Amino acid sequence: MADRIMIEGVSVSPDHYIGGKRVASADSFETRCPFDWSNKLADVARGDAETAALAIDAATAAFPAWAALTPPERGVYLHRLADLIDANVEKLAIVESMDMAMLHESLRLRVIPRGALNFRNYADLASEHRERSWSSKGTANRVIRMPAGPAVIITPWNAPFMLSTWKCAPALAAGNPVILKPAEWSPLSASVLADLIDEAGFPPGVFNIVQGLGAEVGNALVNDPRVKRISFTGSVPTARVIGRAAAENIVPFTAELGGKSPLLVFADADLDAAAKKAAGQFDDGGQVCMAGTRIIVEESIREAFLERFQHYVDMHVMGDSRDTATTVSALIHPKHVERVLGFIERAKANGDRIVRGGKLWKEGTNFIEPTLIEPKSNESEVVQNEVFGPVLTFQTFGSEEQGVALANSTAYGLSGIIYTGDAARAERVGRAVRGGTVWVNTFLVRDLTAPFGGIGISGIGREGGDYALDFHSDLKTLQILEGSVA
Ligand code: NAD
């Protein structure tokens, strides 16, 4: 076991958590603070194929007993974990803000409590499930959910705690032991979660966390034939690699991927609210999969909108994520900064117009100024590909049809945001915009029982509510000839 480290007064283990125990690795990888890159936070255990096998051994051994529990019995553990998350919000928020640079205030008030809610919600949803039953062709029919087996959950570096809890809770509630592999650029909040899993008293092997690189331990996990479900959130290229592994073993696979979502503003909208929400897309440094990164505005309100938008962007403050005044956080890693600046440089070379920003805020930092680009054409790379940073594009349209056509003109389809004051248009355009979730006059409001996922290259499958519980179950139709048994 490696020594625990202190992150702002919180003790964090750099090790894996497998079979109810901390397990070390000979190799490590480092994690640093995005808003102060000189601050190395930890050397974290770098898992390999052996680590993956150990975790799958533990999950496989734990499966029969965990699957044999009823959903309410499993729910006791999930509720206990939710209570512990609530009791440790401060610890989780500070570690996540140091490791990922998400804003501390938002973590404390919304994001971490939502993690607790994920476990509570799935504990209750699985317990309340009523098997569908009906009579047909002289048989009594029932649809039964059977736990599937060990589930591998792979998460990205943005919103790591929230996404891990969102993805692990339905697997556990459905009766599947979990092996969570957090992203290597923000591994630490998962280690705090492991302490809470331990304190909640989960049976050993039910909830395992392995640290390491995607191409190493991640690759070994998704290729193991003992794994019965793979649930992935991350980028399109990685989804293709993991999808091939899932295909090889014929394992159900969900992929929640990137987005290039439109934020459509009609002339009949509350302009101030729309401009404020558009400026809010820079929150978290634009590192939000659902962000409305393509602002598409009706031509007649172009200048009025831009004026309000600039006003709200001027109010943004970059800085330390622990500071309540900060609204735009740092980018996760210098390599990501380079990637985002590459998009901006290529946009300039392409003849796209930089309306504001377009450069590093301060040399040697991971901060890029909030950037607005008016593309030369809809074919520009910066319009068509996900940047995943504080970079928005600005386009205008004449008719509603043109607006919808622009909104639907990329290969992505994760979400969409529409601002309009007209009820008929809200319905019409809401249906027409291509996306797994479309919001009208609001953004990021979510009901956990609703399906969530992408269309096109934004993903495969749906998470949320019963959709995720069904994914993590083997569904069986049981038919008994009526009158044949007494
Ligand atoms: P990524 O694809 O690089 O990595 C995601 C995870 O996959 C990491 O844990 C990584 O270690 C792992 N991984 C990489 N190669 C692997 C392999 N061969 N086998 C197994 N695991 C492997 O993505 P990222 O850069 O961490 O995340 C950013 C992306 O995630 C963006 O595209 C963003 O839009 C997307 N995202 C989507 C959602 C959603 O719900 N749709 C939510 C958040 C982020």
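Atoms within each ligand, like the ligands themselves, are counted from 1 in listed order. Keep in mind that what you see is a predicted model, and the values were worked out from it rather than measured. Position 1 is the first residue of the sequence; numbering continues from there.
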Per [atom], closest listed option by heavy atom ([options]):
atom                    : options                        : result
atom 33 (C) of ligand 1 : Trp166, Phe388, Tyr412         : Phe388
atom 13 (N) of ligand 1 : Gly459, Pro156, Gly453, Gly214 : Gly214
atom 18 (N) of ligand 1 : Val217, Val241, Ile332         : Val241

Does ligand 1 have an atom that lies less than 4.0 angstrom from a heavy atom of Trp185?
-> no
Between Val383, Val265, Leu406, which is the residue that forms a side-chain contact (heavy atoms from CB on, under 4.5 Å) with Ile296?
-> Leu406
Side chain Asp466, main chain Thr449, donor-acceptor under 3.5 Å | no
Exercise: do His104 and Asp320 side chains pair donor with acceptor under 3.5 Å = no
Exercise: do Ser25 and Asp27 side chains pair donor with acceptor under 3.5 Å = no
Can you tell me the protein heavy atom closest to [atom] and the distance?
atom                    : result
atom 35 (C) of ligand 1 : Gly234 O, 3.2 Å
atom 10 (C) of ligand 1 : Glu184 OE1, 3.6 Å
atom 44 (C) of ligand 1 : Asn158 OD1, 3.0 Å
atom 25 (O) of ligand 1 : Trp157 NE1, 2.9 Å
atom 9 (O) of ligand 1  : Thr155 O, 2.7 Å
atom 15 (N) of ligand 1 : Thr238 CG2, 3.4 Å
atom 42 (C) of ligand 1 : Cys289 SG, 3.0 Å

So, [X] and [Y], do they make that salt bridge, N to O below 4.0 Å?
X      : Y      : value
Arg22  : Asp195 : yes
Asp43  : Lys40  : yes
Lys335 : Glu338 : no
Asp57  : Arg226 : yes

Numbering the atoms of ligand 1 from 1, which are under 4.0 Å from a heavy atom of Leu163?
-> 42 (C), 43 (C)
